[in-house]
**Q** 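Sending over a structure as structure tokens; questions will come in a sec.
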Amino acid sequence: MGDKNGQVVAGNNGQGNRLDQLNWPTDVLIDKETDSLIICDTGRVVRWSRRSGTTQGEILIDNIDPYGLAMDDQRYLYISDYKKHEVKRYQIGDKNGTLVAGGNGKGAGLNQLNYPFYIFVDQQQTVYVSDNYNHRVMKWNKDAKEGIVVAGGQGEGNALTQLSYPYGLFVDTLGTIYVTDSLNHRVMRWPKGTKQGTAIVGGNDYGEGANQFNCPYGLSFDRHGNLYVVDYVNSRVQRFSIE
């Protein structure tokens, strides 16, 4: 906190697919057990140790088009493949994985996804997916054959019942969903079981003001309840304290 400059922890050797390079990375998580970063990179998922002196990563999974990833309490990895329109669960070291959402081609059915991007997994191994081109958030219970629409799903739009290209996703212990509604330039909160959400930040058209976004993508919370939002086109990260 308070740093004016960041520190490179992976990549920084130009764009490419060598082990010391990254190419359009989209998501990252910290694996505390191995003190490493797991990164969605173009065509692969890679792991970089956080120990100083690390100069390259290792490939965990290739032949994949990953966008978002999550890890559950049993250290299973969940990865969305946006070209196959599916989410799979992997044991670390396993390259094949088990299908947990989608996998029935691109579409808007309850057993389908259309560009699944970010994902969130809770303690029951329930998988939440920002189903980007379907303008909805889907919830897939463990071993389910189809998902449940838990936010959006009313077509693209800016009503409180709608989303427009959702990206980042967080679900709290009460089942409340927080999602970046990218082309509505807002972060939405959907309490469990409700048919509409509320805009908790943004929603003031696109712009560079402190209460505005221009295509928000990722979001995250810290343990003090502060919300962090990647404000993509504005090239910044914003922090908000949420009541």
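For the single chain, residues carry numbers from 1 onward in sequence order.
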**Q** Could you tell me whether the side chain of T176 and the main chain of P191 form a donor-acceptor pair under 3.5 Å?
**A**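 Side chain of T176 to backbone of P191, a donor-acceptor pair under 3.5 Å: no, none is there.
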
**Q** Give me the one residue out of H185, Q212, R236 that meets side chain to side chain donor-acceptor pair (under 3.5 Å) with D231.
**A** R236

**Q** Shared ILVMFWY cluster between L219 and Y67, side chains joined below 4.5 angstrom?
**A**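 Different hydrophobic clusters.
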
**Q** Is it true that the NZ or CZ of R189 lies under 6.0 Å from the centre of Y178's six-membered ring and within 45 degrees of the ring axis?
**A**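 No cation-pi geometry.
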
**Q** Are side-chain N/O atoms of Q74 and Q125 paired as donor and acceptor at under 3.5 Å?
**A** yes

**Q** Looking at every heavy atom in both Y167 and S130, which two are closest together, and how far apart are they?
**A**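 Shortest heavy-atom contact: O-OG, 2.8 Å.
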
**Q** Search all heavy atoms of P25 against all heavy atoms of I39 and return the closest pair with its distance.
**A** CB-CG2, 3.8 Å

**Q** Heavy-atom count around K192 NZ within 6.0 Å, excluding the residue itself: above 12?
**A**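 Open: at most 12 neighbouring heavy atoms sit under 6.0 Å from NZ of K192.
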
**Q** For side-chain contact (heavy atoms from CB on, under 4.5 Å), just list the numbers for L37 and V28, CA-CA rounded to whole Å, side-chain angles, deciding distance to a tenth of an Å, and then say yes or no.
**A** CA-CA 7 Å; L37 304 170; V28 59; 4.1 Å; yes

**Q** Can you check whether N111's main-chain N or O pairs, donor with acceptor, with N104's side chain at less than 3.5 Å?
**A** yes

**Q** Under 4.0 Å between a Lys/Arg side-chain N and an Asp/Glu carboxylate O for D31 and R75?
**A**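 Answer for the salt bridge query: yes.
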
**Q** Any link between Y165 and Y115 through a network of hydrophobic side chains (Ile, Leu, Val, Met, Phe, Trp, Tyr) touching at under 4.5 Å?
**A** yes

**Q** Quick check against the 3.5 Å criterion: does R136 have a side-chain atom that pairs as donor or acceptor with the backbone of G155?
**A**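 Judged by distance alone, no pair lies under 3.5 Å.
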
**Q** I need the L69 CG to L60 CG distance, nearest 0.5 Å.
**A**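 One gets 10.0 Å once the value is rounded to the nearest 0.5 Å.
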
**Q** Between OH of Y82 and CG of L113, what distance do you get to the nearest 0.5 Å?
**A**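 Separation between the atoms: 15.0 Å.
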
**Q** When you look at S164 and E156, which way does the side chain to side chain donor-acceptor pair (under 3.5 Å) test go after all the steps?
**A** CA-CA 5 Å; S164 180; E156 184 191 0; 2.8 Å; yes

**Q** With distance as the sole criterion, is a donor-acceptor pair present between the side chains of Y78 and D72 under 3.5 Å?
**A** yes

**Q** Return the CG to CG distance between L29 and L77, rounded to the nearest 0.5 Å.
**A** 6.5 Å

**Q** With a 3.5 Å distance limit and no angle check, can you tell me whether S80 reaches the backbone of G68 through a side-chain donor-acceptor pair?
**A** yes

**Q** Grouping I, L, V, M, F, W and Y whenever their side-chain heavy atoms are under 4.5 Å apart, do I30 and Y228 come out in a common cluster?
**A**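 In one cluster: no.
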
**Q** Run the ring pair (Phe, Tyr, Trp, His ring centres under 6.0 Å) test against Y90 and tell me which residues pass, sequence neighbours left out.
**A**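 Expected list: none.
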
**Q** Hey, what do you get for CG (L163) to CH2 (W190), rounding to the nearest 0.5 Å?
**A** 5.5 Å

**Q** To the nearest 0.5 Å, how far apart are CG in N13 and CG in D20?
**A**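 N13 CG to D20 CG: 4.0 Å, rounded to 0.5 Å.
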
**Q** Between D81 (side chain) and E86 (backbone), is there a donor-acceptor pair under 3.5 Å?
**A** no

**Q** Determine, using the 4.5 Å side-chain heavy-atom cutoff (strictly less than), whether M188 and V229 are members of one ILVMFWY cluster.
**A** yes

**Q** Would you please test V129 and V137 for side-chain contact (heavy atoms from CB on, under 4.5 Å) and show each step?
**A** CA-CA 6 Å; V129 187; V137 176; over 6 Å; no

**Q** Is a donor on one side and an acceptor on the other found under 3.5 Å between the side chain of N204 and the backbone of N211?
**A**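 Yes, because the side chain of N204 sits within donor-acceptor range (under 3.5 Å) of the backbone of N211.
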
**Q** Dump the intermediate steps for side-chain contact (heavy atoms from CB on, under 4.5 Å) on R50 and V9, then the final yes or no.
**A** CA-CA 7 Å; R50 296 174 74 207; V9 290; over 6 Å; no

**Q** Would a hydrophobic clustering, with Ile, Leu, Val, Met, Phe, Trp and Tyr connected at side-chain separations under 4.5 Å, put I92 with I61?
**A** yes

**Q** In sequence, state the C-alpha distance, the side-chain angles, and the governing distance for M138 and V149, and then conclude on side-chain contact (heavy atoms from CB on, under 4.5 Å).
**A** CA-CA 5 Å; M138 297 297 288; V149 180; 3.6 Å; yes

**Q** Quick one: which of D122, V87, I119 gives a side chain to side chain contact (heavy atoms under 4.5 Å, CB included) with Y128?
**A**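 Among D122, V87, I119, the one meeting side chain to side chain contact (heavy atoms under 4.5 Å, CB included) with Y128 is D122.
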
**Q** Are there over 12 heavy-atom neighbours, none belonging to F240, within less than 6.0 Å of that residue's CZ?
**A** yes

**Q** Tell me, do N214 and Y232 make a side-chain contact under 4.5 Å, heavy atoms counted?
**A**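 SC-SC contact between N214 and Y232 ruled out.
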
**Q** For the CD atom of Q154 and the CD atom of Q162, what is their distance to the nearest 0.5 Å?
**A** 7.0 Å

**Q** Treating N141 as the side-chain partner and T126 as the backbone partner, does any N or O pair qualify as donor plus acceptor under 3.5 Å?
**A** no

**Q** Determine whether more than 12 heavy atoms belonging to other residues, nucleotides or ligands lie under 6.0 Å from atom CD of Q123.
**A**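 No, not enclosed.
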
**Q** Are F120 and F170 an aromatic pair, judged by ring center distance below 6.0 Å?
**A** yes

**Q** Does a side chain donor of either Y118 or D27 reach within less than 3.5 Å of an acceptor in the other side chain?
**A** no

**Q** Would you say T180's side chain and Y217's backbone share a donor-acceptor pair under 3.5 angstrom?
**A**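 Present.
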
**Q** Counting only heavy atoms not in Q56, do more than 12 sit closer than 6.0 Å to its CD atom?
**A**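 Yes, CD of Q56 has more than 12 neighbouring heavy atoms, counting only those of other groups under 6.0 Å.
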
**Q** So does R44 get a backbone contact from the side chain of D62, meaning a donor-acceptor N/O pair under 3.5 Å?
**A** no

**Q** Between N132 and P166, is there a donor-acceptor pair closer than 3.5 Å when you use the side chain of the first and the backbone of the second?
**A** yes

